[in-house]
Number of protein chains: 2
Amino acid sequence: MKKLINAVDAVVPEALAGMAAAHPGLLRVDPEHRVVYRAAPKAEGRVALVSGGGSGHEPLHGGFVGTGMLDAACAGEIFTSPVPDQIVAATTEVDRGAGVLHIVKNYTGDVMNFEMAAEIVDMESGIEVATVVTNDDVAVEDSLYTAGRRGVGVTVLVEKIAGAAAEEGRPLEEVARIAGAVNAAGRSMGMALTSCTVPANGKPSFDLPENEMEIGIGIHGEPGRHREPIAPAAEIAKRLVEPVIAELPAADGEDRGVIAFLNGMGATPLLELYLMYGEIAKLLDTAGITVARSLVGDYITSLDMAGCSLTLVRATDEMLRLWDAPAITPGLRMGA
Amino acid sequence: MKKLINAVDAVVPEALAGMAAAHPGLLRVDPEHRVVYRAAPKAEGRVALVSGGGSGHEPLHGGFVGTGMLDAACAGEIFTSPVPDQIVAATTEVDRGAGVLHIVKNYTGDVMNFEMAAEIVDMESGIEVATVVTNDDVAVEDSLYTAGRRGVGVTVLVEKIAGAAAEEGRPLEEVARIAGAVNAAGRSMGMALTSCTVPANGKPSFDLPENEMEIGIGIHGEPGRHREPIAPAAEIAKRLVEPVIAELPAADGEDRGVIAFLNGMGATPLLELYLMYGEIAKLLDTAGITVARSLVGDYITSLDMAGCSLTLVRATDEMLRLWDAPAITPGLRMGA
């Protein structure tokens with residue numbers, strides 16, 4: 001195992017410390033609870049957004065803390081849910097009297113711990129909490145760690161769009177509705193050329209022969225749909241576009257096109273990601289799907305896995321307007 | 001070789017096409033000359049900036065085309081200089097009557113081809129061209145492809161800071177002076193955990209045993225200073241910080257600190273990069289060096305190499321002001 005780390009059990013706290021050092025103007029980190037906060041808290045009366053999950057998916061979630069996106073992100077151990085204490089601390093800290101939205105990827109541990117935290121917060125302080133659980137991955141119906149579809153790429157778009165709604169001063173019920181609408185309109189599919197290696201395990205999570213790829217992979221190295229020989233990028237693009245389109249909701253009213261998000265898994269060069277995006281754009285065009293907005297890069301990664309995932313969200317005018325709103329975070333910066 | 005590509009000889013044009021598709025509002029691509037331009041050209045009377053070099057270092061250079069940075073970037077084949085024709089086309093296209101600055105990394109082929117292009121432009125159209133050659137890598141005195149130090153990470157900072165100066169309307173002589181000052185104030189050092197694989201070669205550029213790392217590696221897989229057993233991140237940080245500090249110019253007047261840039265080589269997870277930055281920040285603090293600004297991420301990569309490089313620039317007030325100016329590019333976005 002080749003990694004830029006010290007001890008395997010110190011990876012998460014040390015990475016959080018480095019993140020705080022790298023972005024002193026944007027972030028502060030509570031090392032005890034392993035929570036990333038905005039350096040400058042939001043104004044009173046605004047809805048706050050808390051997310052979190054296992055580490056190893058950076059910049060998700062800590063990199064999306066900042067103006068226009070999250071107020072706090074709780075970092076679990078690598079590929080392990082944060083515990084309720086962390087989520088309670090974050091929720092209590094960021095509440096500005098208007099309630100808190102929890103954005104949770106659909107994995108059993110995450111859903112359970114965020115639920116438990118919401119109950120504790122309700123008992124302890126009466127802060128109103130709403131929750132959106134993202135479940136956009138069409139690859140598998142259930143998985144190792146999930147009942148129902150897994151939450152993957154759409155989570156980034158939910159954090160951006162719901163974050164903008166909160167920044168505008170919308171009430172909790174509205175922010176939660178918008179977050180739920182983005183999730184409901186989003187579908188994703190991923191693929192891997194290589195496994196990731198979890199530091200504590202010291203070896204690749206799975207074996208993938210030199211001439212094979214895995215289609216439908218999860219962001220923790222969970223098995224996907226099938227393996228097949230490595231194909232040209234144009235063929236790989238079809239393996240992602242076709243199943244996503246097949247389950248993409250139809251436009252409700254006038255067609256505003258999609259937000260297309262091609263995500264790198266952590267060890268995929270940007271050169272290859274752009275090439276893949278070119279292939280995907282051609283297929284979408286052929287399918288009569290208009291790309292209203294696009295995002296290409298490493299946003300929800302799986303440690304050192306090589307591969308990519310495609311997320312499409314059927315857009316509405318409201319989503320596009322909130323997508324274009326300013327965001328000032330280490331991981332995503334737009335219009336400000 | 002596992003890559004998201006079609007044919008090995010189509011990688012660069014297809015990646016450029018995908019880049020154009022991904023950023024229609026920011027970029028346009030001339031596929032014939034393989035040049036990336038701003039979608040909206042700069043106003044008349046402003047100095048224009050042209051850079052370029054071998055592909056495989058994305059987002060450098062095409063990802064830094066946009067307001068506040070470059071006007072055009074010429075893409076060579078992977079790890080191969082662009083030819084003079086490309087540079088002539090780009091220089092002629094972006095000139096707004098105030099001259100053009102060429103930003104060139106110090107590799108023999110790049111320097112020669114940019115020089116030849118400047119001569120052709122001078123003969124053909126009389127456009128004034130100034131050139132800054134970056135040479136910040138302290139690892140080796142000469143290298144496989146270079147007489148003198150190699151140009152690496154400081155190139156990103158030169159493009160940002162000189163780009164801001166050009167956007168302000170400074171004359172060519174001033175923009176060139178500022179670019180030269182950033183380069184002169186900058187020093188870098190890189191390391192690799194793994195080799196990169198050039199698609200046309202189909203196998204890793206060099207063999208690095210499972211328990212070794214290479215210190216002083218170049219961005220094309222050129223040999224560095226030495227190999228040694230993999231060490232903890234805190235030790236690796238020393239291998240980078242000490243030689244950079246040893247050759248870092250002293251402050252000229254009052255000490256404004258440094259711009260610290262920790263770069264990922266393409267396959268390094270952001271989690272590890274942040275962890276490394278934390279170690280580097282501690283060492284700089286111990287050495288009495290104040291970090292005035294920091295940048296952490298994949299900005300000048302080496303295909304799918306795992307590793308990182310550190311660049312420090314001894315800052316002046318002028319550099320910091322220009323660093324903070326707005327930039328709207330696919331690869332780097334600041335304050336706008």
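First the proteins, then the strands, lettered A, B, ... as listed; each starts at 1.
The shortest heavy-atom contact between A/A22 and B/Y274 is CB-CE2, 3.9 Å. Residues A/A21 and B/S294 approach most closely at O-OG, 4.2 Å, considering heavy atoms.
The most heavy-atom pairs under 4.5 Å with chain B, out of A/A231, A/G18, A/G56, come from A/G18. Counting heavy-atom pairs closer than 4.5 Å to chain A, the top-ranked of the candidates B/A15, B/G25, B/A17 is B/A15. The candidate with the highest count of non-hydrogen atom pairs below 4.5 Å against chain A, out of B/I5, B/D304, B/V291, B/V12, is B/I5. The greatest number of non-hydrogen atom pairs below 4.5 Å with chain A, out of B/P232, B/A237, B/C196, B/G278, is found for B/P232.
At a heavy-atom separation below 4.5 angstrom, chain A is approached by B/L208, B/P209, B/E210, B/N211, B/E212 within residues 208-215 of chain B. Within residues 260-269 of chain B, the residues having any heavy atom less than 4.5 Å from a heavy atom of chain A are, in residue-number order, B/G266, B/A267, B/T268, B/P269.
Side-chain atoms of A/Y277 and B/H23 form no donor-acceptor pair, as typed in the model, at a separation below 3.5 Å.
At a 4.5 Å heavy-atom cutoff, B/L295 makes no contact with chain A through either its backbone or its side chain. Contacts of A/A306 with chain B are absent, with no heavy-atom separation under 4.5 Å from either backbone or side chain. Only the side chain of A/I236 comes within contact range of chain B, with heavy atoms under 4.5 Å apart. Only the side chain of B/I230 comes within less than 4.5 Å of a heavy atom of chain A; its backbone N, CA, C and O stay farther away. Only the backbone of A/M1 comes within contact range of chain B, judged by heavy atoms closer than 4.5 Å. Interface residue B/P330: only side-chain heavy atoms are found under 4.5 Å from chain A. Contacts of B/L193 with chain A are made by both backbone and side-chain atoms, with heavy-atom separations under 4.5 Å. For B/V11, the parts lying near chain A are the backbone and the side chain together; criterion is any non-hydrogen pair under 4.5 Å.
Looking at A/L4 and B/E279, their side chains never come closer than 4.5 Å, going by heavy atoms from C-beta outward.
For the atom pair CD (A/E272) and NZ (B/K2), the distance works out to 12.5 Å, reported to the nearest 0.5 Å. Distance check, rounded to the nearest 0.5 Å: OG1 of B/T301 to CG of A/L271 gives 8.0 Å. Taken to the nearest 0.5 Å, the CG atom of B/L273 stands 11.5 Å off from the CE atom of A/M19. Between A/R333 atom CZ and B/L332 atom CG the span is 9.5 Å, to the nearest 0.5 Å.
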